[in-house]
Amino acid sequence: MAAPDDLAFDPWDPAFVADPYPAYAELRQRGRVRYFEPTDQWLVAHHADVSALLRDRRLGRTYLHRFSHEEFGRTPPPPEHEPFHTLNDHGMLDLEPPDHTRIRRLVSKAFTPRTVERLKPYVRNLADDLVGALVEAGGGDLLKDVAEPLPVAVIAEMLGIPESDRAPLRPWSADICGMYELNPSEEAAAKAVRASVEFSDYLHDLIAERRRNPGDDLISGLIAAHDEDDDRLTEQEMISTCVLLLNAGHEATVNATVNGWWALFRHPDQLAALRADHSLVPTAIEELMRYDTPLQLFERWVLDEIEIDGQVIPRGAEIAMLFGSANHDPAVFTDPSRLDLTRADNPHISFSAGIHYCIGAPLARIELAASMTALLEKAPTLRLAAEPRRKPNFVIRGLEGLTVDVG
């Protein structure tokens, strides 16, 4: 599918996916908002606009709390896609108040600063073990050996998913997240539907087991809240919440890890500075998430007509907020195309903003710090062993793998 006229923004072009940032610069130069016909969306590329729109209650992740599909001028999804939409539409990421407020309040009890802080030793020990195994093997795939298993294990541990049941979690998640790409294919939709059914069935059985035998885990906590609280979760909301926490709880962390190390390997001066001073890890994490943003685009529906720079955007339209572009906006970031691990003023929006700000951001930062620190300490000569291949996806930005040597 070609981009309209001479617009460089083309999310189906492998060259664009490899490096979308020059096209973003062109978009920003052309104005504050631009209609993109292939996806029927309005593209917003400037940091100030994206940041404001994320907080604007005239926009929503859903419109079904106020309108039917027909009233909103939208075609209902095909019936065969229903299992995906049932699962997706009952998670707090795709809900608006009051349902979003109710669910987030219950889930946030598992992500208090004290709770997350208590996870630090577990996360650090797991990161040390994974990196230790990588070093002992002389190298491997940083994606499959460290980046993936760490956050998947952490969120699975929080949810109380037994180790013996964890193998399908990442494949299920990947297939479901395929539906978040622009204009997903029927093959991608079929995979997402199948994964939605299988994951939902598994969680239905696990929740039933936790009802019989509660444990010290998040699912048991949600069941207790369900039983005691007036603002209880439905069974579907509980299942959708668990899937969302698994998907959002590791997808960004996995991609931030490999995108970040790939950027470091391409900037040896910055990698050398980090190796010389491990106290740079906190600012390095923020800069790497800004520099090559794991989630490039976030969508919102226009619930009430808005105006951007004189352009009226009607109710029923969809806005695509370009996080990757906002994180490279020179109006906010000095020399944004430069990787600077000491960058102190770094208001990136990789974790979103407003009521949908990532509830797991503190945990993600702990995981990223743990894996980076373990790699710096245990694999001080870590180097790239083969040029990586980038995934063809645009919205969720990552690599197929990252092969490294440690000797």
Side-chain angles (χ1 to χ4, degrees), residues 61 84 86-95 99-113 115-116 118-119 122-123 126 147-163 165-177 179-180 192 195-196 198-207 209-210 215-226 231-256 294-295 298 350-352 355-368 396:
R61 282 290 293 174
F84 166 80
T86 296
L87 180 64
N88 183 73
D89 296 353
H90 286 83
M92 61 182 171
L93 183 63
D94 280 82
L95 289 172
D99 289 331
H100 171 274
T101 309
R102 171 176 53 84
I103 297 174
R104 187 174 178 112
R105 185 178 65 80
L106 293 171
V107 175
S108 65
K109 294 176 182 178
F111 288 91
T112 63
T115 304
V116 173
R118 283 205 304 263
L119 282 169
Y122 172 78
V123 175
L126 182 55
E148 280 188 348
L150 176 64
V152 171
V154 171
I155 198 66
E157 191 75 14
M158 288 184 71
L159 289 170
I161 297 176
E163 285 191 37
D165 293 350
R166 294 176 186 177
L169 297 180
R170 176 65 173 161
W172 280 338
S173 174
D175 286 346
I176 290 170
C177 289
M179 281 290 270
Y180 302 140
S196 297
E198 292 174 359
F199 206 168
S200 296
D201 287 347
Y202 171 76
L203 286 169
H204 178 80
D205 291 343
L206 183 61
I207 289 168
E209 168 60 26
R210 288 291 177 272
D216 184 21
D217 56 72
L218 180 53
I219 289 178
S220 297
L222 291 175
I223 292 170
H226 174 87
D231 292 337
R232 60 187 59 188
L233 299 178
T234 67
E235 181 86 0
Q236 183 58 60
E237 286 171 344
M238 203 177 303
I239 290 171
S240 296
T241 295
C242 292
V243 172
L244 172 62
L245 291 174
L246 190 282
N247 291 351
H250 81 276
E251 195 72 42
T253 308
V254 170
N255 292 320
L295 180 66
F298 207 56
S350 300
F351 288 120
S352 191
I355 68 167
H356 288 290
Y357 179 78
C358 178
I359 197 171
L363 179 59
R365 288 185 167 107
I366 287 173
E367 292 168 347
L368 291 166
I396 299 175

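Nothing fancy with the numbering, it's 1 onward along the sequence.
- Every residue was checked against the side chain to side chain donor-acceptor pair (under 3.5 Å) condition with D89, not counting sequence neighbours, and none meets it.
- Here the closest heavy-atom approach between residue D175 and residue A195 is recorded as CB-CB, 3.8 Å.
- Using a 4.5 Å heavy-atom cutoff, the side chains of L218 and I155 are not in contact.
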(request) Carefully, step by step, assess M179 and N88 under the rule side chain to side chain contact (heavy atoms under 4.5 Å, CB included). (result) CA-CA 10 Å; M179 281 290 270; N88 183 73; over 6 Å; no
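- Between the CZ atom of R61 and the CG atom of L93 there is a distance of 4.5 Å, given to the nearest 0.5 Å.
- Counting heavy atoms from C-beta on, the side chains of L119 and M158 come closer than 4.5 Å.
- Of all the heavy atoms in S352 and Y357, the pair that sits closest is O-CD1, 3.3 Å.
- For the pair R210 (side chain) and G160 (backbone), a donor-acceptor distance under 3.5 Å is present.
- Annotation for I355 and R104: closest pair O-NH1, 3.2 Å, computed over non-hydrogen atoms.
- Classification of the Y202-W172 ring pair by plane angle, with boundaries at 30° and 60°, yields tilted.
- Considering only heavy atoms from C-beta on, H250 stays 4.5 Å or farther from L169 through its side chain.
- Distance CG/L245 to CD1/I359: 7.5 Å, rounded to 0.5 Å.
- The two residues S196 and I176 come nearest to each other via the heavy atoms OG-CG1, 3.9 Å.
- Side-chain contact check for Q236 versus L87: some heavy-atom pair is nearer than 4.5 Å.
- Considering all non-hydrogen atoms of both residues, I161 and D165 come closest at CG2-CB, 4.0 Å.
- The shortest side-chain heavy-atom distance between Y180 and E251 does not fall under the 4.5 Å cut-off.
- Checking side-chain atoms of S220 against main-chain N and O of D216 turns up no donor-acceptor pair under 3.5 Å.
- Contact of the E157 side chain with the L126 side chain is not registered, since no non-hydrogen atoms from C-beta on lie closer than 4.5 Å.
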(message) Walk me through whether M92 and T241 qualify under side chain to side chain contact (heavy atoms under 4.5 Å, CB included).
(response) CA-CA 7 Å; M92 61 182 171; T241 295; 5.5 Å; no
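- The line from CG of D94 to CG of L244 is 8.0 Å long, rounded to the nearest 0.5 Å.
- Remark: L368 CG to L363 CG distance equals 9.5 Å, nearest 0.5 Å.
- Atom OG1 of T234 and atom CZ of R102 lie 7.0 Å apart (nearest 0.5 Å).
- Rounding to the nearest 0.5 Å places CZ of F199 at 10.5 Å from OG of S240.
- Contact check for M238 versus I223: side-chain heavy atoms found under the 4.5 Å cut-off.
- Inter-residue side-chain proximity for I103 and E237 is flagged as met; some heavy-atom pair is nearer than 4.5 Å.
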